[in-house]
Amino acid sequence: MSEPDRIPAADLPPGAVRRVGDWAVGNRDGEHFAVSRRCRHQLADLAEGSIDADGCLVCPWHQSRYDVRTGEMVAGPRGFLGYHGPTPGYTQFVRTYARVLRLRVRRAVRRGEDVVVE
Ligand code: FES
């Protein structure tokens, strides 16, 4: 049996997102989450993302927003490749296929001094 993915809880303060193996693990005001790391748009590492005021995980490249409880993309990208700006039809297209290709979701729980991905 392999060791679970874990991170010291002290390294995951409220508002933080960190890389833990294949997972982007975050702390939404004390509620931990774990989702797969690759954005459904252009595969940015979501462990380098941020948590917005609504508790969504925001992609660092084009700001797609994800519901970390379901893995659903709730807002599509604002740009593509090196461009950052409005792309109305494209944004909706990406959001449509991301409905099928949701992020994988795991429970992330505090165990002793660590947060463990189950
Ligand atoms: S790679 Fe995530 S929104 Fe573009």
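In listed order, ligands and their atoms are each counted from 1.
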Working to the nearest 0.5 Å, report the span between CD1 of I51 and CD of E31. 9.5 Å
Could you tell me the separation between the CG atom of L57 and the OG atom of S50, rounded to the nearest 0.5 Å? 7.0 Å
From atom 2 (Fe) of ligand 1, how many protein N/O/S atoms are found at a distance short of 2.8 Å? 2
Could you go through residues 77-87 and list every donor-acceptor pair under 3.5 Å that involves a side-chain atom there, pairing it with any protein atom two or more places apart or in another chain?
residue, atom, partner, partner atom, Å
Y83, OH, P86, O, 3.3
H84, ND1, W61, O, 3.0
T87, OG1, T91, OG1, 2.8

When you check the gap from the basic side-chain N to the acidic O, do D52 and R65 get nearer than 4.0 Å? yes
Residues in side chain to side chain donor-acceptor pair (under 3.5 Å) contact with H41, at least two apart in sequence or another chain: H62, Y90
Between side-chain atoms of residues 97-108 and protein atoms elsewhere (two or more places apart, or another chain), which donor-acceptor pairs fall under 3.5 Å?
residue, atom, partner, partner atom, Å
Y97, OH, R40, O, 3.1
R107, NE, E118, OE1, 2.9
R107, NH2, E118, OE1, 3.1

